[in-house]
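Below is one structure, written out as structure tokens; comments come after it.
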Amino acid sequence: MEHANAASQRYEISITSTAKSYRPDAEYRIFDEQRLIADSIADVRDQLRDIYGTCKRVPMYVDRPNDDPKQVGWVYCFNSDATVRGELQKWRQQDWVQVRRLLGEIVDPRELKR
């Protein structure tokens, strides 16, 4: 039972990275997805601070039928650039970030058939 308690104190940080060009008619497109593990809420905060620093962030919501929208995370907004094949590329980036508590449920090994 000790293992289950330790796992329940861990967290998964889910990051979906989107980008668009600076053109006014451009749309955001997903280009990467990451899953990070943290051992505490303080560790979650530290990891997000290391990745995003103090860039702008806005609440991320999910619509619920017959109820008010619910905040489920944050969208971190910033400009980014990289050199691709010798050419400097610049874009606007928005990363959708959610944090989930890991429950530590054991998967039935029969589900992992080859």
Side-chain angles (χ1 to χ4, degrees):
M1 199 60 165
E2 185 177 322
H3 180 347
N5 285 340
S8 69
Q9 300 304 311
R10 298 183 76 202
Y11 299 86
E12 177 187 66
I13 305 167
S14 172
I15 301 172
T16 301
S17 297
T18 69
K20 75 172 194 161
S21 73
Y22 282 91
R23 289 192 343 250
D25 62 338
E27 295 182 7
Y28 281 95
R29 298 183 189 273
I30 295 172
F31 72 88
D32 190 31
E33 293 182 319
Q34 297 179 61
R35 302 283 184 265
L36 308 174
I37 301 299
D39 294 321
S40 66
I41 287 295
D43 189 23
V44 170
R45 284 189 204 108
D46 290 345
Q47 287 190 46
L48 292 176
R49 191 176 304 115
D50 287 347
I51 296 168
Y52 298 109
T54 59
C55 77
K56 176 184 173 183
R57 74 175 188 182
V58 295
M60 179 172 64
Y61 294 93
V62 66
D63 291 329
R64 299 184 299 175
N66 305 320
D67 207 352
D68 291 333
K70 177 181 179 182
Q71 184 178 358
V72 295
W74 295 98
V75 179
Y76 289 84
C77 310
F78 53 98
N79 297 323
S80 196
D81 61 58
T83 302
V84 179
R85 293 184 291 280
E87 181 180 330
L88 181 63
Q89 305 272 325
K90 295 184 177 191
W91 63 89
R92 295 191 186 279
Q93 188 164 330
Q94 291 186 348
D95 287 3
W96 310 339
V97 177
Q98 286 186 298
V99 177
R100 292 181 182 86
R101 194 173 272 113
L102 291 176
L103 299 178
E105 181 180 333
I106 296 173
V107 174
D108 183 340
R110 292 174 288 192
E111 293 181 41
L112 305 174
K113 292 180 188 175
R114 291 186 196 216

Hits for salt bridge (charged side-chain N to carboxylate O under 4.0 Å, His left out) against Asp50, two or more places apart or cross-chain, chain-then-number order -> none
Closest non-hydrogen atoms of Tyr28 and Lys20, given as atom of the first, atom of the second and distance, are CE1-CD, 3.5 Å
To the nearest 0.5 Å, atom OH of Tyr52 lies from atom CD1 of Ile15 at 4.0 Å
Residues at least two apart in sequence or cross-chain that pass side chain to side chain donor-acceptor pair (under 3.5 Å) with Thr18, listed by chain then number, are none
One should read off an interatomic distance between Gln93 CD and Ser17 OG, to the nearest 0.5 angstrom, of 5.0 Å
For a 4.5 angstrom cut-off between non-hydrogen side-chain atoms, does Val75 reach Val97? no
**Asked** Do Asp95 and Trp74 have side chains that get closer than 4.5 Å, going by heavy atoms?
**Response** no
Looking only at heavy atoms, the pair that brings Asp43 and Ala38 closest together is OD2-CA, 3.2 Å
Anything under 3.5 Å between a donor and an acceptor, one on a side chain of residues 55-64, the other on a protein residue two or more places apart or in another chain? List them.
from, atom 1, to, atom 2, distance (Å)
Arg64, NE, Asp68, O, 2.9
Arg64, NH2, Asp67, OD2, 3.3
Arg64, NH2, Asp68, O, 3.1

Side chain to side chain contact (heavy atoms under 4.5 Å, CB included) filter on Arg110, not counting sequence neighbours, yields Asp108
Those residues at least two apart in sequence (or on a different chain) that pass side chain to side chain contact (heavy atoms under 4.5 Å, CB included) with Val99 are Tyr11, Ile13, Val44
CD (Glu12) and CZ (Arg101) are apart, to the nearest 0.5 Å, by 13.0 Å
*asked:* Using a 6.0 Å cut-off, check whether atom CD of Glu27 has over 12 heavy atoms from anything other than its own residue.
replied: no
Can you check whether Trp96 reaches Val72 side chain to side chain, under 4.5 Å on heavy atoms? no
When rounded to the nearest 0.5 Å, the distance separating CG of Leu36 from CD of Gln47 is 5.5 Å
Residues at least two apart in sequence or cross-chain that pass salt bridge (charged side-chain N to carboxylate O under 4.0 Å, His left out) with Asp39, listed by chain then number, are Arg10
By salt bridge (charged side-chain N to carboxylate O under 4.0 Å, His left out), Asp32 pairs with (sequence neighbours left out) none
In short, salt bridge (charged side-chain N to carboxylate O under 4.0 Å, His left out) pairs touching residues 71-94 with sequence neighbours left out are none
Residue set satisfying side chain to side chain donor-acceptor pair (under 3.5 Å) with Ser14, at least two apart, ordered chain then number -> Arg35
Contacts of Arg100 meeting side chain to side chain donor-acceptor pair (under 3.5 Å) (sequence neighbours excluded), chain-then-number -> Gln98
Parallel, tilted or perpendicular: which one describes the rings of Phe31 and Trp91, with boundaries at 30° and 60°? perpendicular
With sequence neighbours left out, the residues meeting side chain to side chain donor-acceptor pair (under 3.5 Å) with Arg29 are none
Within a 6.0 Å radius of atom CG on Asn66, are there more than 12 heavy atoms belonging to other residues, nucleotides or ligands? no
